[in-house]
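Everything below concerns the one structure shown next.
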Amino acid sequence: MPNLLRPVALATATFLAACGARQGNAPAPGAVETPPAVQAATAPTPPTLRLPDDVRPTKYAIVLKMDPKAEAFEGTVDVMLEVAKATNVIWMHGKGLIVKEATLEQAGVTQTLKASSAGEDFLGLTLDKPLAVGGAKLHLTYTGTASERETSGAFRVNEGGDWYIYTQFEPLGARRAFPSFDEPGFKVPWQLTFHVPEGNVAVTNTPQLADEKGADGWHIYRFAPTQPLPSYLIAFGVGPFDFLPARDSGQKQVKTRIITPRGRANEGAWAAKVTPEILERLEGYFGIPYAYEKLDVLAVPLMGGAMENPGLVTFNSRLILAKPEEDSVGRQRAFANVQVHELAHQWFGDLVTMAWWDDLWLNESFASWMTPRIVESYQPTWDAPVERVQDRNGALDADSLVAARFIRQPIQDAGDIQNAFDGITYGKGSAVLAMTETWLGRDVFQKGIQRYIRAHAGKNATAKDFLDALSQESGKDVAQVMNSFLDQTGAPFITATLLCDGGKPRVALTQQRYVRLGSKAPEAQSWKVPVCVKYPSAGKPTTTCTLMTEEKAEVALETKACPSWVFPNADGAGYYRLRLADDTRAKLMKSGLMLLSRAERVVLLSDSLALAQAGLLPAAEALPLLTGVAEDPDRQVLEAGLELMDLVSSRLIPEAQDADRARYVRDTFGPRARKLGFKPRTGESEDMRLLRPRLLELAGNEGNDPKLVAEARTLAEAWLKDRKAVAPDVVGAVLAIAVEHGDAALHAKLMEALRAEKSRYQRQQLLGGLSHVTDPQLVKANLEMLLDPKQDMRENLWLLFGASRDPRTRDTAVEFVKTHFDTLVGTEDKPGLLAEGMGSRLPYMAAGYCDAGKRQEVATFFEKRTDQVPGSDRVLRQVLEVVDQCIALKEAQGASISTFLSGKPKTPQAPPAPR
């Protein structure tokens, strides 16, 4: 499940205790162990995190009676159980559910159970007579709620005047829909039946077996049992859906459909085209056919990203659907890339499932790694290998925090599970897999993956199982390399020096942890790092590799003459930051820069920014690289260069220099942005269409380019009257520029249009524009919408995050959160307005501060409230460290940045010696 929101090791003993580690001997087969007496007046003590393993499910049969127009629904659950240890309490998960009846049958005897809720997540079922070891059947009748506030569990959305129920169960949402053993290790078959009002249909993971008329205007849909699945992969939808058939997919020619809200089937044409193509390429890579009986892809309004439910993959509607006149290159590419990710999960995550959430990376890192691997041959013009390096750069940025998560983070509480869906799990894990693939070789890596899938198909597996498969296939100790990245935070910082002192040319390497200014370096760390050095030999580029296992290493180059340059991260495959010694860097910049691949140039630009952020390269020496790529014809290189804009952030300069900053941005990017213009040209490349909105918004909003601002305002007015007046690719940029330089009158027009607009797609465009308002009073008017019960918070929340981006409105956003914190996140007595998991992200409102006083205010407010919102403690620590990094960078590099922006002559400064 990709997370499209733009975004401390625990002692082993603590982790085991939190996970409920148990000791003792199980009773002999057939024996009955008498449990301690249960006091009738006392509810049983719930588990702390994980369910006990004395009772396990072996099969579910669930019947749900659901009307999308109503919040409440009814259900029955029959669970076949295997009792491993005599007990008089069965623990399950159930959140917001009311159990009306609970009975259990064992050995022909049926008894009634007493149900009690414990905390928010656990359901305890107490028996008068203890269960014996062996089989049993549990029957529950209950009621639940399909929320209009959540986007997890079973939730409701009104779309086009019709009501629908959708689900999102990963990671902890299944317990909102039915009592269950809601952990990934409980992987069993499920069979679902739905009673829905006439005019609605139900869909789920498996093919429909039958449908029949029920009583009183209800209709019954029965579905085939699933293959063994964990609860988080069960999915369903209820509503007046339309169906767009795609061609049958894969070696087994499974039926494939795009499922949409009523009247929108034609908007799924691109999804219907590319889904079978992608599945077939994945089958070719894995060497194993798609394992499931059908492939439906369901469009879900307001969903975050997509979800890999086998047989019923779900997607945010805006990602999967588009009218032809509203479609864009960016949307089409985004869907295809995410669909590769989700369909890769059908093998890695669905067919083979992690045993526990600490190995979430096995799912998400792998699917993220697989995306460019498939796309590079499927759509070679999309630059997937270079996109991979861009993603690697983003992961290294997230990993610069000392407070960053491990890839394989021990799970202490539910907040750790929610936090696991981040740039480390997806991006860092993917980059480390790519580095390992390069080290082992593509063929060996692919065979190792196939070995792993074949060995564990239909079951759960761990990181050790995966690493063992790679080691067995390659004959190398893969675990020693991978574990050094999986089980510690941070990234290596490798300093490289070319040595040509009379002997054989070689490159000397030293490693330590990369740490930015403002972060406190932890104790010494080292990694097992594959390093490949690229250099010229006999007139052509050559690569020599080594496995760096200690703090220092040397790589002997396969050439007699001293090479004119070296680049010790060939193809950008290595997950590390690189610093070249002064003379080595000078040689590369003089003789080798234009001989680097595009991916390598992207690495060089990103690492130059990293050096400046670590205080090892004056900003005034790094920024000319940005100026140099402003007119680069290569979109990927230019976008990598734009990362260097962080060094001219308004946070790092005095307010008096805002005009100098705007002039620099306008002079550097304005000519190209004005040349591109707001109107696409016939026959221009897709790269130009993708680059246009980025450059327009940069020059218009960061550079205050008067021509672009005036044209954006004219186009915004035209778009408000006629939605076809602006090309779909640039609507976002037009509204962003117009609103950021607009006034109360334009704001009023957008608000009026928002109230009248029926199309969710266009409402989201309007909300995107409104999020750029810079007048604090107008921002307050925006934020009042979040408190209006008639508004859908799930749709409008971007107004809050948008206000936090701009220094002119950040205080307003933070003050709103402080004032309404309990209303947003909820209290013990009253649920909050935010969907589950969103409250923990509220500290991000303050991530843009670069001021010690503001930092203290933020810390004082949120530190008192971390217990109220699971997972927010880690987010807060990360935000405070981001602010610390900015404060330190401003102090160290502010003068250099100011000198660069003012255009005054610069005195070259030697970077500090390596630490």
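As the structure is a computational prediction, the values presented were derived from the model and not from experiment.
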Apply the salt bridge (Lys or Arg N to Asp or Glu O under 4.0 Å) test between Glu159 and each candidate in Arg262, Arg264, Arg318; give the one that qualifies.
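Among Arg262, Arg264, Arg318, the one meeting salt bridge (Lys or Arg N to Asp or Glu O under 4.0 Å) with Glu159 is Arg264.
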When you check the side-chain N and O atoms of Arg661 and Ser650, is any donor under 3.5 Å from an acceptor?
no
Ring-plane angle category for Phe862 and Phe821, please: parallel below 30°, perpendicular beyond 60°, tilted otherwise.
perpendicular
Electrostatic pair [X]-[Y], nearest N-O below 4.0 angstrom:
X      : Y      : value
Arg156 : Glu148 : yes
Arg794 : Asp792 : yes
Glu784 : Lys780 : no
Asp811 : Lys854 : yes
Asp67  : Lys69  : no
Glu325 : Arg723 : no
Asp182 : Arg176 : no
Glu740 : Arg808 : yes

Test Phe236 against every option in Val203, Leu298, Thr204, Asn309 by the side-chain contact (heavy atoms from CB on, under 4.5 Å) rule and name the one that passes.
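Only one of Val203, Leu298, Thr204, Asn309 forms a side-chain contact (heavy atoms from CB on, under 4.5 Å) with Phe236, namely Thr204.
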Aromatic contact between Phe801 and Tyr844, with the criterion being ring centroids under 6.0 Å apart: yes or no?
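Ring-ring flag for Phe801/Tyr844: false, centres at least 6.0 Å apart.
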Are [X] and [Y] packed together at the side-chain level, in the sense that at least one heavy-atom pair is separated by less than 4.5 angstrom?
X      : Y      : answer
Met645 : Val665 : yes
Asn782 : His747 : yes
Leu401 : Gln885 : yes
Leu754 : Arg763 : yes

How many angstroms lie between atom CG of Leu800 and atom OG1 of Thr812, to the nearest 0.5 angstrom?
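Going from CG on Leu800 over to OG1 on Thr812, the span is 11.0 Å.
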Return yes when atom CD of Glu655 has more than 12 non-hydrogen atoms of other residues, nucleotides or ligands closer than 6.0 Å, and no otherwise.
no
Greater than 12 external heavy atoms within 6.0 Å of Asp867's CG:
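Counting neighbours around CG of Asp867, 12 or fewer heavy atoms of other residues, nucleotides or ligands fall under 6.0 Å, so no.
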CA sep, side-chain torsions, deciding dist, call: Tyr142, Phe178, ring pair (Phe, Tyr, Trp, His ring centres under 6.0 Å):
CA-CA 8 Å; Tyr142 72 100; Phe178 34 70; 7.7 Å; no
